[in-house]
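Values below: every heavy atom of this structure, side chains too, minus hydrogens, waters and symmetry copies.
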Number of protein chains: 2
Amino acid sequence: MITLEAGVSPSTVSRILNGSAPVSAFKRDAVERVLTTRQFQPNALARGLVRGKTLTIGVLTQDIGSPFYGEILRGIEDVLAKTDYFSLIVSGHGNQKDEIAGMALLEARRVDGVIVLNGRLTDEQLLAYSEHLPVVATGRGCTFRNLFSLSIDQFHGAYLAVQHLIELGHTRIAYISGPEDNLDSTQRMRGYQKALMDNSLMYDSNLVVHADFRASGGTLAIHQLLTARRGFTAIFAANDQMAYGASLALYRLNIRVPEDISIVGFDDLPSSEFTMPPLTTVRQPVYQIGELAGKAVLGLIEHQPIQVQPLALNLIVRETTRRIRP
Amino acid sequence: MITLEAGVSPSTVSRILNGSAPVSAFKRDAVERVLTTRQFQPNALARGLVRGKTLTIGVLTQDIGSPFYGEILRGIEDVLAKTDYFSLIVSGHGNQKDEIAGMALLEARRVDGVIVLNGRLTDEQLLAYSEHLPVVATGRGCTFRNLFSLSIDQFHGAYLAVQHLIELGHTRIAYISGPEDNLDSTQRMRGYQKALMDNSLMYDSNLVVHADFRASGGTLAIHQLLTARRGFTAIFAANDQMAYGASLALYRLNIRVPEDISIVGFDDLPSSEFTMPPLTTVRQPVYQIGELAGKAVLGLIEHQPIQVQPLALNLIVRETTRRIRP
DNA sequence: CTGTTAGCGCTTTCAA
DNA sequence: TTGAAAGCGCTAACAG
């Protein structure tokens with residue numbers, strides 16, 4: 001159509017579109033005129049088919065509306081925006097079945113690489129995918145050839161949080177954990193235990209409650225903890241959202257934070273700066289994780305070495321923790 | 001490859017893949033065996049190219065990490081998940097340039113339809129897109145042939161919020177607005193003004209501050225409002241996030257909510273149930289908007305009538321508003 | 001510098 | 001019930 005109207009061959013149009021070979025100014029002008037008047041958009045499907053490359057990076061996230069994954073996606077997007085690549089996001093909904101379906105969808109669309117954000121696929125499954133597709137995964141440590149993993153020391157983050165509470169004089173510290181099969185959550189649990197141990201404090205399993213990483217789970221957890229009637233003066237929540245829910249439950253019971261009970265969260269969601277009082281928490285460099293993951297797939301795709309910048313967790317002390325009353 | 005290994009023609013494989021024509025049990029078995037062992041994923045690009053249909057719905061959102069748009073996306077996703085369609089999300093970042101680029105990308109990928117979530121494209125631009133592509137848009141009222149708009153009466157929502165404050169005895173009510181060029185925000189402004197008027201209260205432009213829909217904007221707004229030294233006992237914020245920021249600013253200044261000042265937000269983000277105290281706000285049926293938008297594109301694509309279910313805004317009274325002290 | 005040709009992986013006639 | 005052939009829109013190799 002374009003070719004007819006401009007009186008040139010398809011290859012000439014292609015050459016102009018891609019700048020792949022010199023074209024005379026005359027023909028170029030003619031073609032470009034038609035191109036703009038017709039608002040021509042080259043068919044990405046046809047391109048992908050012939051080039052064997054779609055300039056698309058698949059992203060398997062867990063929850064499309066989550067503030068946590070949202071920030072990672074933003075990091076990925078910003079990195080890709082500087083290139084010709086583009087991200088195709090599918091959600092695994094935190095269950096393996098959907099994750100496998102999502103991966104199938106990405107493969108069917110012939111993405112050039114995949115970023116897998118945490119999730120429940122096994123390392124072996126990931127390795128299998130990486131046989132024919134560059135894969136970058138967060139939250140694990142199984143780098144291998146075409147599979148790049150980037151993990152952050154969750155253990156250490158938890159250790160920092162609990163150490164902080166202990167330094168404030170707390171000795172009875174409850175832990176609101178995530179799902180039992182969640183890797184991040186169990187690593188944080190170990191950090192919690194280690195910090196207690198290093199300070200010669202007893203680990204008491206009655207002070208540990210498993211919840212679901214959501215605010216409502218935090219609320220529930222408080223009720224469980226309270227009915228168990230084990231005294232505690234501080235709470236370490238495995239993520240900020242559960243800390244929110246826990247705070248609300250305490251507020252309802254007229255227990256004040258931080259006067260009566262201190263709380264530390266994990267993640268440092270953007271909103272944690274604006275809770276009341278602002279939440280003391282462990283900051284995950286979420287956006288940077290996204291950026292790094294983005295750069296890593298590109299590196300894998302283009303067979304370039306991947307710059308491994310260390311990602312660290314930091315304790316952000318705000319106003320939900322305070323020295324225990326004498 | 002599959003064809004060779006199973007000793008059949010490509011058309012036979014295609015027929016099995018699509019169930020488009022009967023195939024003998026014998027060949028079917030042979031092919032299916034190869035299909036599974038090879039973990040064959042039909043190339044979606046090639047399919048799309050030949051069929052002229054990609055089973056993909058483009059979604060132009062504004063902000064990939066936002067809790068508000070995230071909920072809409074979830075609604076869309078859930079509707080599409082029941083069909084063969086799949087959503088391709090691009091972000092417009094709240095500026096027209098990126099939105100146009102995003103639309104171009106979606107067109108290049110030959111999506112079968114587009115959902116445009118608010119944004120800054122003009123109605124005319126949308127209409128132009130709809131010439132060759134089914135378009136569903138939220139937050140406007142310009143339905144026309146291949147363009148379906150769904151809007152919610154923001155005016156009414158604001159009216160409810162302000163009426164509520166007035167009923168509690170407030171007469172000096174500040175409004176923290178969104179950007180001046182934002183349609184939702186200006187409609188809410190009109191609802192605010194109307195409610196004042198209907199109750200014979202003066203509209204005072206000094207009580208109106210424009211911010212950016214983000215928490216930090218709410219914080220800033222409070223400072224502006226306070227330095228202007230116009231007394232007020234209640235605040236209506238054009239969205240929840242600004243209400244969060246405003247609350248924090250007040251807390252810092254030792255002004256208590258709701259004892260000293262009442263606050264009403266807008267949107268009812270999932271987290272608003274867990275703020276402290278829980279936020280009184282106007283609930284937008286965000287998830288339903290997503291669902292409806294999803295159903296609407298499918299309707300447009302398949303030339304089926306679109307079920308228009310009315311979407312209403314509700315005032316959710318929680319704990320940031322109370323009767324003014326005598 | 002430019003046009004012709006072949007082919008990416010699939011579906012869809014058309015014959016058989 | 002099946003295969004051969006054409007073609008979706010593009011790019012890349014090859015001639016010229």
Taking [atom1] from [X] and [atom2] from [N], how many angstroms apart are they, rounded to a whole number?
X	N	atom1	atom2	answer
A:Arg109	C:dC8	CZ	P	22 Å
B:Leu55	C:dC10	CG	C1'	14 Å
A:Leu49	D:dG7	CG	P	17 Å
B:Arg51	C:dG9	CZ	P	17 Å
B:Asn18	D:dT1	CG	C1'	17 Å
B:Arg110	D:dC10	CZ	C1'	11 Å
A:Leu45	C:dT11	CG	P	14 Å
A:Glu107	C:dG9	CD	P	16 Å

- Query: Per the atom types in the model, does the base of D:dA4 pair as donor or acceptor with the side chain of B:Ser11 at under 3.5 Å?
  - Reply: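 By the distance-only test, yes, there is a pair.
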- Is there a donor N/O on one and an acceptor N/O on the other, under 3.5 Å, for the side chain of B:Arg15 and the base of D:dG3?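 Indeed, a donor on one side and an acceptor on the other fall under 3.5 Å apart.
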According to a strict under-4.0 Å criterion, is [X] in side-chain N/O contact with OP1 or OP2 of [N]?
X	N	answer
B:Arg47	C:dT11	yes
A:Thr12	C:dG3	yes
A:Lys53	C:dC8	no
A:Asn43	D:dC8	no

- Sugar-phosphate, base or nothing in reach of A:Phe40, heavy atoms under 4.0 Å: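 Sugar-phosphate only.
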Between [options], which nucleotide has the shortest distance from any of its atoms to the side chain of [X]?
X	options	result
A:Pro22	C:dT2, D:dT11, C:dC1	C:dC1
B:Pro10	D:dA12, C:dG3, C:dT11	C:dT11
B:Ser24	C:dT12, D:dT11, D:dT1	D:dT1
B:Val50	C:dG9, D:dT2, D:dC10	C:dG9

- Item | Salt-bridge criterion met for A:Glu131 and A:Arg145 (N-O under 4.0 Å) |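 Salt bridge: no.
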Would you check if there is a donor-acceptor pair between the side chains of [Y] and [X] at a distance under 3.5 Å?
X	Y	answer
B:Asn146	B:Tyr129	no
A:Glu71	A:Gln284	no
B:His132	A:Gln39	no
A:Arg74	B:Ser91	no

